[in-house]
Amino acid sequence: MPPFATWLRPYLRLGDQSLESGPLATRFHTQHPPLLTIMPRYTPADIEPRWQAYWEENKTFATPETPGSKKRYVLDMFPYPSGDGLHVGHPEGYTATDIVARYARMRGESVLHPMGFDAFGLPAEEHAIKTGEHPRVQTQRNIDNFTRQLKMLGFSYDWDRVLATTDERYFRWTQFIFLVLFDTWFDPQQQRGRPIAELPIPDQIRAAGEAAVDDYINSRRLAYLDDALVNWCPNLGTVLANEEVVDGKSDVGSHPVKRIPLRQWMLRITDYAERLLSGLDDLDWPTGIKKLQSDWIGRSTGAEVDFFVGEAAKFEAWKSARGKSGFPAKASDDALRVYTTRPDTLYGATYMVVSPEHPMLDQLTAADQSAEVKAYCEKASFKSDRERTEGDREKSGVFTGSYAINPVNGKPIPIWVADYVLAGYGTGAIMAVPAHDERDFEFAVQYELPIIPVVQPPADAENRDDILAGKACFAAVGNAINSGPMDGKDTAEVKQQITAQLDAEGLGNSAVNYKLRDWLFSRQRFWGEPFPILHEIDQAGNATGRMRGVDPSELPVRLPELEDFKPHGRPEPPLAKAGDEWLYVTIDGKRYRRETNTMPQWAGSCWYYLRYIDPHNDSALIDPEKEAQWMPVDLYVGGAEHAVLHLLYSRFWHKVLYDRGHVSTPEPFGRLINQGMILGEVEFTGYFDENDQPVSTKDVKKSAGGGRESKDGRKVTLKSIADDQVEKQGEGFVLKSDSSIKVESRANKMSKSRGNVVNPDVVVDEYGADALRLYEMFMGPLEATKPWSMAGVGGVRSFLDRVWRMIVDDQQDELVLQSALSQGDCDDEQNRMLHATIKKVTEDTDAMSFNTAIARMMEFTNFFTRSQQRPIEAMKTFLILLSPYAPHLCEELWKILGQDGSIAHQSWPQWDEAALVQSSIEVPVQFNGKVKSKIQVSPDAKPDEMIQAALEDAKVQSLLEGKNIVKKIAVPGRLVNLVVK
RNA sequence: GCCGAAGUGGCGGAAUUGGCAGACGCGCUGGAUUCAAAAUCCAGUUGGAGCAAUCCAGUGAGGGUUCGAGUCCCUCCUUCGGUACCA
């Protein structure tokens, strides 16, 4: 036995036994971290940094170069490195994935568990505008701070794979993927993206010359330029995606947003709508998230129908011509095309509406209505989204002066223009069926347009008579009325027959529509990826309209060095201020000007999960072999705020990369979990009037101005109340001083303005990283929204203290093991506790039910702390179970027990079913479902035996006196229930 | 308005998916230890009645299915998220 260093001696005293000669006398590696201080107390501030340094030095969590038989890719949604640092919501998901990753490693799986930073984004640029400091500088500072905080929490990331979307070696490949999008068209027949070189060019286009072919090709690319009505935000100096506009205000900063037309890069995500929708079926995602995505995609089926807009006398001729020519792919000038999901209600169409932006509006406007229509459209175009959605949304519109002919009955109906019809959906025009559509009904009532019911409501519909009289709206299904030959048939049948008839007559077609819009992909900002696109210019410096991608070998296109970052209030990007040497390029004698828009923040986050697999590759975005080994992501954890956008955009890019052969899986993320939000501490709040008199919450209502007031009209404000001034009464809480005053008890979102933000640094400082990790997991189910409680962190910390004291005798001056620790085996009861704990912790960790796993480990600790004999083998097994949750503490105790190396390399224990078996169990005896007595039976007792035992029970017998047993039920291992009278 | 999730002690939450409601933790009460406090340990802690054994009530409200319901079904209420004229 090698001699022990004197500094290790304190560890090795085990009561009276000498460890130096026993089985615990294992050697210590020199690679163990040096002990700075030997403290008998649990001191996370000492333990945690030491083990973090050890893991880093020894690359304990390095990803295996090639995964073994079982791989697990465990991914967190990477953070935006804000100047505020981590908040306690971040470590919630990160701890969950860390536990899964550590657990999987101990089960012998090959784990990829990386972290990175979504580092482009508005705040750094806003900061740059204010201070003049380059966004790169602040971003780096923030990344450093985030890195420090993440390391402080002991996450087992493979830090050699860390990336930031702002790294040139990263965004080079973001630009590369943009070039892939630019080089791809979507083949609707094959339902997949194909190289643009394979795009068939129609003969008449080819005949029109090179420029026409070029235009044609550009119009088919997945990345294309379009004059879009965009959300221009003057305050931010940028255009925003629809998704970044909330209630007509910018998502970031709540600035007003105007709609202006601008030439923008768009991504043709709508081509992938069908696959993005059907792909959801195979994903192990929360059903709620799937539903959100599918609602966002918003697939609907119905029909496109052409309404003749010429003179009524020519309708028959037009109709018969259509019967021969069939339904044209693009609507002709003499017809107004609408999209409807209810072709069955065609007989009830009493007017039509086109959106103010409809291309045929000029043609449809009669001379005498022209002024009014023009004024209306003018007004609508100046309306911001905010004004359009604000208030009670009273409908408005103007008659165009022209009529269209209803194709099923030849009747002319008026055409209106109204902004309740959206230009971007369907055909931008509708047939209005006021009897069966709420919006149309509201409009028809307002402008006194006819309402004809064509669907009969069921006999028990409450306002059936009103509906049939055209005085109420009925949007559901039923049997057709007032519909000529369709009368009496049900909705589904009428839909099918009318669509078929329209199809045969060349007047309509069944059609599918999506709410999903193409993705506005350019931003007028500095701090984003430059587009790798060159616009050809002529001698005079004017754009010719032709463009080309930067050759992939020339990537990355770096950001130019700029003097200042200020937006100038015009929708022209800051990159336009770059010097000529950046802005202008000559290739093969042609001059080009660089694209000066930058990509949105979503770009970098669309594919980062791929780069982690091969982060240092400078010749490809990912090595296909490595990609095939690690993809897809097995577990992806993040906040629900990304339920739609990030996850949809990522899936879209992934599918394009799949079509173009860069990745091997059709979907990127197999299993998704949304961690719940962490709220601030629960507070009591009550209302007070101007004189600081409390007002009961039940006497407070919303005032007209949006504030709050009391029943008798006094203005009241919400104030926080100390815990000791309230007490429980009935359902709620009241003031102790006046029990008639009800107060509210609730937890609010953490926010700077409320001052209830919890900083992880402070928590780690006071309780330690293990306590923070454990508390976040112990709070409740991962997916639930839960309030923070500092007292709860203290509770979990005292559990860790108890674990420490279960093994270490902290009553001594130097570090000594508990004298209760023994070399012997567990007794039966201890063994059952041990194996039941292994089983529960294993199953709960598998199910990510971390709170119950921790509860079980607490029970274990309570049990063994009471034991005067604590077998060391049981302690070691327990430490392995706890180590994914509280890694620093477990490493330390593992070492204190004389073990070599990192506990992270131990294999996960197996439980022994035999150890769980009890010789007899207690089961309740119920009378009519109520517990009346308890009996002891063998765990495998048959129902008959259980009933027999129950009937023999003294208490049961006494209770049975004077009663009859009607029925006897026994559930093996669970209970006996007697139905008695 | 529509969609989704959830309502269990003073609080956070458990409950082999139909089988002993309240595991575990916080808080609180009492006790031990201490000069004292902190820390620690032990006991108790859903409400009501009773000296007690015990009894009664009880999982947002009301109804239903069942031998048995926190769990399943119907109606309603509340809270939190998401969404906003998508024809």
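Per chain, numbering begins at 1; letters A, B, ... match sequence-line order. Just so you know, these numbers use all the heavy atoms, side chains as well, and skip hydrogens, waters and symmetry mates.
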At 4.0 Å (heavy atoms only), tell me whether [X] reaches a base, stays on the sugar-phosphate, or touches nothing.
{"X": "Asp440(A)", "result": "nothing"}
{"X": "Arg797(A)", "result": "nothing"}
{"X": "Gly795(A)", "result": "sugar-phosphate"}
{"X": "Asp801(A)", "result": "nothing"}
{"X": "Glu922(A)", "result": "base"}
{"X": "Arg805(A)", "result": "sugar-phosphate"}
{"X": "Lys291(A)", "result": "sugar-phosphate"}
{"X": "Arg299(A)", "result": "nothing"}
{"X": "Ser798(A)", "result": "sugar-phosphate"}
{"X": "Ser300(A)", "result": "sugar-phosphate"}

Please report, rounded to the nearest Å, how far the [atom2] atom of [N] is from the [atom1] atom of [X].
{"X": "Phe778(A)", "N": "C26(B)", "atom1": "CZ", "atom2": "C1'", "result": "9 Å"}
{"X": "Phe863(A)", "N": "C24(B)", "atom1": "CZ", "atom2": "P", "result": "14 Å"}
{"X": "Glu357(A)", "N": "C85(B)", "atom1": "CD", "atom2": "P", "result": "14 Å"}
{"X": "Met833(A)", "N": "C24(B)", "atom1": "CE", "atom2": "C1'", "result": "12 Å"}
{"X": "Phe474(A)", "N": "A87(B)", "atom1": "CZ", "atom2": "C1'", "result": "17 Å"}
{"X": "Trp416(A)", "N": "A87(B)", "atom1": "CH2", "atom2": "P", "result": "23 Å"}

By nearest atom, which of the nucleotides [options] is closest to the [X] side chain?
{"X": "Leu292(A)", "options": "C85(B), G82(B), A14(B)", "value": "G82(B)"}
{"X": "Lys934(A)", "options": "A15(B), C20(B), C24(B)", "value": "C20(B)"}
{"X": "Pro924(A)", "options": "C20(B), G13(B), G19(B)", "value": "C20(B)"}

Under 3.5 Å, N/O pairs linking protein and nucleotides 63-69 of chain B:
unit_1 : atom_1 : unit_2    : atom_2 : d
C67(B) : O2'    : Asn977(A) : ND2    : 3.4
C67(B) : O2     : Asn977(A) : ND2    : 2.4

In Thr491(A), Val494(A), Val454(A), the residue satisfying side chain to side chain contact (heavy atoms under 4.5 Å, CB included) with Thr345(A) is Val454(A)
Please state whether the phosphate of A87(B), meaning OP1 or OP2, lies under 4.0 angstrom from any side-chain nitrogen or oxygen of Tyr420(A). no
Distance below 4.0 Å between Arg802(A) side-chain N/O and G25(B) OP1 or OP2: yes
Identify all pairs in which a protein N or O lies below 3.5 Å from an N or O of nucleotides 54-57 of chain B, and state each distance.
none

Using a 4.5 Å cut-off on heavy atoms from C-beta on, say whether the side chain of [Y] contacts that of [X].
{"X": "Thr350(A)", "Y": "Val433(A)", "result": "no"}
{"X": "Met790(A)", "Y": "Trp788(A)", "result": "yes"}
{"X": "Glu438(A)", "Y": "Phe443(A)", "result": "no"}
{"X": "Leu951(A)", "Y": "Lys968(A)", "result": "yes"}

Mapping Asn513(A) and Pro781(A) onto RNA chain B by nearest heavy atom, which one lands closer to the 5' end? Pro781(A)
Judged by nearest nucleotide, the residue sitting upstream toward the 5' end of RNA chain B, Glu859(A) or Thr865(A), is Glu859(A)
Holding to side chain to side chain donor-acceptor pair (under 3.5 Å), I want the full list of residues that pass it with Thr837(A), two or more places apart in sequence or in another chain.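 Expected list: Arg856(A).
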Sorted by chain and residue number, the side chain to side chain donor-acceptor pair (under 3.5 Å) partners of Tyr347(A) (sequence neighbours excluded) come out as none
Using atom names, set out every protein N or O paired with an N or O of nucleotides 45-47 of chain B below 3.5 Å, distance rounded to 0.1 Å.
none

Taking only residues two or more places apart in sequence or in another chain, which ones pass salt bridge (Lys or Arg N to Asp or Glu O under 4.0 Å) with [X]?
{"X": "Asp344(A)", "result": "Arg342(A)"}
{"X": "Glu274(A)", "result": "Arg299(A)"}
{"X": "Glu922(A)", "result": "none"}

Against the six-membered ring of Tyr420(A), is Lys395(A) placed for a cation-pi contact (under 6.0 Å from the centre, within 45° of the normal)? yes
Tell me, please, which residues at least two apart from Ser751(A) pass side-chain contact (heavy atoms from CB on, under 4.5 Å). Ser753(A), Arg754(A), Asn756(A)
Residue list, side-chain contact (heavy atoms from CB on, under 4.5 Å) with Thr499(A), at least two apart or on another chain: Ala303(A), Pro343(A), Ser510(A)
Anti or syn, where syn is a glycosidic angle within 90° of 0; which label fits G31(B)?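 Anti conformation for G31(B).
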Near RNA chain B, counting only heavy atoms under 4.0 Å, which residues of residues 784-792 of chain A show up? Thr785(A), Lys786(A), Pro787(A), Ala791(A)
Under a 3.5 Å cutoff on both atom distances, Watson-Crick or G-U, what's the dot-bracket for RNA chain B ([ ] crossing, | other strand)? (((((((..(((......[....)))((((((.......))))))((((....))))..(((((..]....))))))))))))....
Is a side-chain N or O of Lys955(A) found less than 3.5 angstrom from the main chain of Lys932(A), in a donor-acceptor match?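 Here the side-chain-to-backbone pair exists.
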